[in-house]
Amino acid sequence: RDAGYIQVAQTRIDAVTPEPYDAAVFDVRDKKRLQPRIAFGTLLEQGLLQPGQSLWFRRDEARAARVKPDGKLRLADGFEGSIHQAGRHLMAGSPCNGWDHWYFAADGGQLRPIDDLRQVVRSRLQNE
């Protein structure tokens with residue numbers, strides 16, 4: 001509405017020198033989401049986990065599950081589902097990324113997240 005304001009704004013806009021586009025700077029996507037998807041069952045297929053093996057939810061020995069041959073988990077209360085569904089069940093319906101919340105016993109008994117095994121599969125895929 002005000003011609004004076006328009007002139008001041010236009011002068012400021014004309015003085016701007018845009019930076020060249022740099023994809024590396026402006027890529028704000030989650031880098032994990034760009035990685036190849038790996039099904040939990042692939043860990044069984046590649047021998048990284050075994051049917052009957054125990055996994056622990058958030059390293060809690062009281063909240064263990066057994067890996068079934070079909071890649072599902074069976075909880076002590078009888079619930080069966082994917083790593084995500086089983087985690088959500090233990091969290092009373094809250095969303096759960098099973099890759100980050102389920103742990104396996106590594107050599108020496110140290111509990112490690114199953115996401116470490118997913119990274120092993122990804123490395124194998126890259127080396128093929």
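As a basis for the values below, the full set of heavy atoms in this structure was taken, side chains included, without hydrogen atoms, waters or symmetry mates. All residue numbers in this chain count up from 1 along the given sequence.
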Side chains of Arg66 and Gln53 in contact at under 4.5 Å (non-hydrogen atoms):
no

Is any side-chain heavy atom of Thr11 less than 4.5 Å from a side-chain heavy atom of Val8?
no

Do any pairs count as a side-chain hydrogen bond (donor to acceptor under 3.5 Å, both in side chains) and have a residue in residues 70-80, sequence neighbours left out, and if so which ones?
Lys68-Glu80, Arg74-Glu80, Asp77-His89

When you check the side-chain N and O atoms of Gln35 and Arg122, is any donor under 3.5 Å from an acceptor?
yes

Heavy-atom closest contact ([X] atom, [Y] atom, distance):
| X | Y | value |
| --- | --- | --- |
| Gly4 | Asp2 | N-OD1, 2.8 Å |
| Gly87 | Cys96 | CA-SG, 3.6 Å |
| Ala105 | Trp56 | N-CZ3, 3.7 Å |

So, Asn127 side chain and Ser123 main chain: donor-acceptor pair closer than 3.5 Å or not?
yes

Exam field: side chain Gln110 to backbone Asp107, donor-acceptor pair closer than 3.5 Å
no

Scan for salt bridge (Lys or Arg N to Asp or Glu O under 4.0 Å) pairs involving residues 49-59, sequence neighbours excluded, and state none if there are none.
none

Taking atom CZ of Arg63 and atom NE2 of His101, what is their separation to the nearest 0.5 Å?
9.0 Å

ILVMFWY cluster membership beyond Val67 - transitive side-chain contacts under 4.5 angstrom:
Ile38, Phe40, Leu43, Leu44, Leu48, Leu49, Leu55, Phe57, Leu73, Leu75, Phe79, Ile83, Leu90, Met91, Trp99, Trp102, Phe104, Ile114, Leu117, Val120, Val121, Leu125

